[in-house]
Amino acid sequence: MSFPWAKEYKPSHPFMVWMDEKLPLPRLVYNAVGGGYEVPRNINYLWNFGFLAGLCLVIQIVTGVVLAMHFGGDTRVAFDSTEHIMRDVNWGWMLRYGHANGAAAFFAVIYMHIFRGFYYGSYKAPREMIWLLGVVIFLLMMATAFMGYVLPWGQMSYWAAQVITGLFSAIPLIGDPLKEWLLGGFAPDNATLNRFFSLHFLLPFVILGVVILHVWSLHIPGSSNPTGVEVKTESDTVPFYPYFVAKDGWTIGVFMIVYGMFVFFMPNALGHPDNYIPANPMQTPAHIVPEWYFWPFYAILRSFTQNFLIFDAKLLGVMAMFAAILVWFFLPWLDKSPVRSATYRPLYRKFFWVLVIDVLILGYLGGAPAEQPYVLISQLATMYYFLHFLVIVPIVSSIERPDPLPFSITEAVLGHDRAAASDAQG
Amino acid sequence: MIRIISILTGLFFTVALLWSLALDSIQLSKDGLPHTAAHAFGEHKLKPLKLASDGAFGKFDKAQLQRGFAVYQNVCSACHSIKQVSYRSLTALGYNEVEVKAIAAAATINAKDPLTGEMKDRPGLPADKFPPVLYAGTGTPPDLSLITKARHGGAAYVYSLLTGYKDSQPAKLVEHFPDAKTPEGMFYNPYFANLNIAMTPPLTADGQVTYSDGTPATVDQMAKDVSAFLVWTAEPELEKRHQTGVWWLGFLLFVTVLAYMSYRNVWAEKKGH
Ligand code: HEM
């Protein structure tokens, strides 16, 4: 699908003509990321993060596949084989640091991508499916990252596996059998490591599949934009090639610079030192904490400390942690404001920024030890998190009076839109 | 309908949290904030340690690594292994092949005899890794190969720990936290996580190790040198990593500037990018 004014693919070389008849792959590319895909001219740099997320996925797959050639998925050798990669494999340290920091970069990019969605109402019709697939991708990313972290079989690997699978035992009746089934035993062991390795190799390709669906569903309505006003006429858009190839292209450079600073100069800044200690089932680390990108959710999990009604405290924590992401699925229907962009939603905009601060606070608390006063603060922050999505967003979207919208994208950019105005007058 | 369900769900979580919050607050008002001996008496600020390997252009000081290796061989290796390190990698410290062979040969390695298939002791070869170390005293000495990456503070922590032993505990500590009193056979060290460590102070006298390069072997110097050596055992790739990183950044800065200019060029006639 595209706008009527989008250029059509016209192969000139006889080979390309032949190819177009047999397998119109070049046509697909042309219409997806070439001159045939029309994009709103006013999208800002926050729209670059989708492209960067795709780049991160490629980096993870490439480094990961090579790492897997040297890694030993057995509890007796996993830790040492990781060190073998770091010391003996040519450029192995770069692969490993690249993969570990690549995961962090991936999440940083994805958080920007998701919060762009919150701010500009990208999840609203007609883009609900893009959003829903995005949430599926995010859940898959979390599972993949968690299982990847277990592989080097360090102390934090082992205890993260213990804690996270332990969460399932909170589920009434089926909890304990479920946990044993997931682990392949009563505690993390070789069976656990084997299946995590297998799944960690598989899931990125599942993610790739869902990303293809995500981008496909994006190409039906096309990208939204900072005004949230849909494309009306030809002057509202520019073709992806060359305009967005150039724009996405130079931000790849910026991304690679920041990424390289971590990989080459502070490769362990984001990781926990305990994971350089081999796993020891007999010794619990002083603080078990996940990687930074899980901290907000970890804080939510730990903020339920008391049984409530018929609910066990641990079960509540687990429910809340999953609910924290599941609520995103319902967002397109909870937010009924017809205006997409927060730029024209004065009240929603304020709550958006409170949410950002709230999530940063949750992030800080998730990395802190589970003691007072951190627990009290995380209880308040968790409360606000759910109030935001489940109460504030629905209510604000019905009582708020949005600011006037520009007539069109072109008007927002140039200050006038002659073509569209004369169209509208008929 | 969906909005009613959502608001009710939101209220459910809110009330459950308020319940946790209320009970926790009552508990907190009874117990007060957590207060442990390590909170109150631990040294949270490490001693500053400057090493040649610090910073983006950092390189190893080979003479220092050799001194640190001497400290490891003569002192630490009685209790601690460095089993991720292979003898052949010692060439990175500036030893030549003959010296590496000699260092390896001085060690006894328990390995499979290729002829009989039995496990047998034999002199080490450059391809071997440092052997495990048997230790019979109190506590479990960790393998030191990765220690500077496995502790907050890295090399500065190792240095602070080695030079941070105190002869006696502050009287106040024992008074307020009788449980934290140094047990028999342990030593008080405020840099250690729970203040009392099982490691006998390893570096105690100047000149304990003889340095072949003439550097005075003070306790402080030995502690610094062995910390530097342990940075190398944990990150032997450090120099190459730094060099590659400098090239990477230089190249990318150049490419990014070009890409930015072409971006400006492409968009020149379109307003509103
Ligand atoms: C592997 C992960 C992902 C990749 C590779 C990816 C890729 C992309 C790309 C290339 C775009 C178009 C460019 C842009 O708008 O930035 C896009 C748009 C979008 N993505 Fe993603 N995405 C990923 C994950 C997610 C997640 C986790 C969410 C939300 C939970 C999400 C929600 C959206 C939405 C709503 C849009 C449309 C934005 C608009 O047009 O305003 N995506 N995605």
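Since this is a predicted model, take the numbers as computed values, not measurements. Each chain gets a letter, A, B and so on, in the order its sequence line appears, and its residues count up from 1.
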**Q** With a 4.5 angstrom heavy-atom cut-off, is it the side chain or the backbone of B:I2 that approaches chain A, or both, or neither?
**A** both
**Q** Which one of B:I7, B:D24, B:N265, B:L28 has the most heavy-atom pairs closer than 4.5 Å to chain A?
**A**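 It is B:D24.
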**Q** Top residue by heavy-atom pair count (under 4.5 Å) with chain B, among A:H84, A:Q155, A:M383?
**A**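 Sorted descending by pairs with chain B, the first entry is A:M383.
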**Q** Indicate yes or no: does A:D274 engage B:K149 in a salt bridge with an N to O separation below 4.0 Å.
**A**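 Between B:K149 and A:D274 there is no salt bridge, as every charged N stays at least 4.0 Å from the carboxylate O atoms.
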**Q** Just so I know, are the side chains of B:K270 and A:R41 near enough to count as touching, which here means a heavy-atom distance under 4.5 Å?
**A** yes
**Q** Can you tell which of B:A259, B:G10, B:A150 has the highest number of heavy-atom pairs within less than 4.5 Å of chain A?
**A** B:A150
**Q** Counting only heavy atoms closer than 4.5 Å, note whether B:L33 contacts chain A via side chain, backbone, both or neither.
**A** side chain
**Q** Please determine whether salt bridge (charged side-chain N to carboxylate O under 4.0 Å, His left out) holds for the pair A:D80 and B:K129, giving the CA-CA distance in whole Å, both sets of side-chain angles, and the decisive distance to 0.1 Å.
**A** CA-CA 12 Å; A:D80 289 346; B:K129 298 208 163 177; over 6 Å; no
**Q** I'd like to know which of B:K240, B:M261, B:R151, B:Q243 tops the heavy-atom pair count under 4.5 Å against chain A.
**A** B:K240
**Q** Do the side chains of B:L249 and A:F265 get nearer than 4.5 Å, heavy atoms only?
**A**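 Side-chain contact under 4.5 Å: yes.
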**Q** In terms of heavy-atom pairs under 4.5 Å with chain B, which of A:L334, A:I277, A:T382 leads?
**A** A:L334
**Q** Sort by residue number and list every residue of residues 250-257 of chain B having at least one heavy atom under 4.5 Å from chain A.
**A** B:L252, B:L253, B:T256
**Q** Do you know which of A:I252, A:D88, A:I409, A:L309 has the most heavy-atom pairs under 4.5 Å to chain B?
**A**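 It is A:D88.
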**Q** Heavy-atom distance under 4.5 Å to chain B: side chain of A:V375, backbone, both or neither?
**A** side chain
**Q** Given a strict heavy-atom distance threshold of 4.5 Å, which part of A:Y97 is in contact with chain B: side chain, backbone, both, or neither?
**A**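 When you check distances to chain B, only side chain atoms of A:Y97 fall under 4.5 Å.
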**Q** I'd like to verify something: which residue of B:I147, B:L258, B:V15 has the highest number of heavy-atom pairs under 4.5 Å with chain A?
**A** B:V15
**Q** Given heavy-atom pairs under 4.5 angstrom as the criterion, report whether the side chain, backbone, both or neither of A:F311 touches chain B.
**A** side chain
**Q** Donor-acceptor check, side chain of A:W93 to backbone of B:P236, threshold 3.5 angstrom: yes or no?
**A** no
**Q** Answer with side chain, backbone, both or neither: which region of A:F255 has an atom nearer than 4.5 Å to a non-hydrogen atom of chain B?
**A** neither
**Q** State yes or no: are the ring centers of B:Y263 and A:F244 separated by less than 6.0 Å?
**A** no
**Q** Select, from A:M261, A:K336, A:E371, A:H388, the one with the greatest count of heavy-atom pairs under 4.5 Å involving chain B.
**A**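 Of the options given, most contacts go to A:K336.
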**Q** Please rank B:V85, B:L23, B:N194 by heavy-atom pairs under 4.5 Å with chain A and give me the top one.
**A**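 The candidate making the most pairs under 4.5 Å is B:L23.
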**Q** What pair of heavy atoms forms the shortest contact from B:R241 to A:V263, and how long is it?
**A** CD-O, 3.7 Å
**Q** Let me know if A:V327 has heavy atoms under 4.5 Å from chain B in its side chain, its backbone, both or neither.
**A** neither
**Q** Report the relative orientation of the aromatic rings in A:H272 and B:H152; use parallel for angles under 30°, tilted for 30 to 60°, perpendicular for over 60°.
**A**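 Plane angle over 60°, so perpendicular.
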**Q** Ignoring hydrogens, what is the shortest heavy-atom contact between B:T14 and A:L387? Give both atom names and the distance.
**A**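 Shortest heavy-atom contact: OG1-CD2, 3.5 Å.
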**Q** Between A:I395 and chain B, which part of the residue has a heavy atom less than 4.5 Å away: side chain, backbone, both or neither?
**A** side chain
**Q** Start with the C-alpha gap between B:T9 and A:F386, add the side-chain angles, then the distance that decides, and say whether side chain to side chain contact (heavy atoms under 4.5 Å, CB included) holds.
**A** CA-CA 9 Å; B:T9 316; A:F386 283 108; over 6 Å; no
**Q** Pick whichever of B:G55, B:A16, B:S20 has the most heavy-atom pairs under 4.5 Å with chain A.
**A** B:S20
**Q** When the ring planes of B:W267 and A:Y243 are compared, do they come out parallel, tilted or perpendicular, using 30° and 60° as the limits?
**A** perpendicular
**Q** Identify which part of A:N307 has an atom lying under 4.5 Å from any heavy atom of chain B, answering side chain, backbone, both or neither.
**A**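 The backbone, not the side chain.
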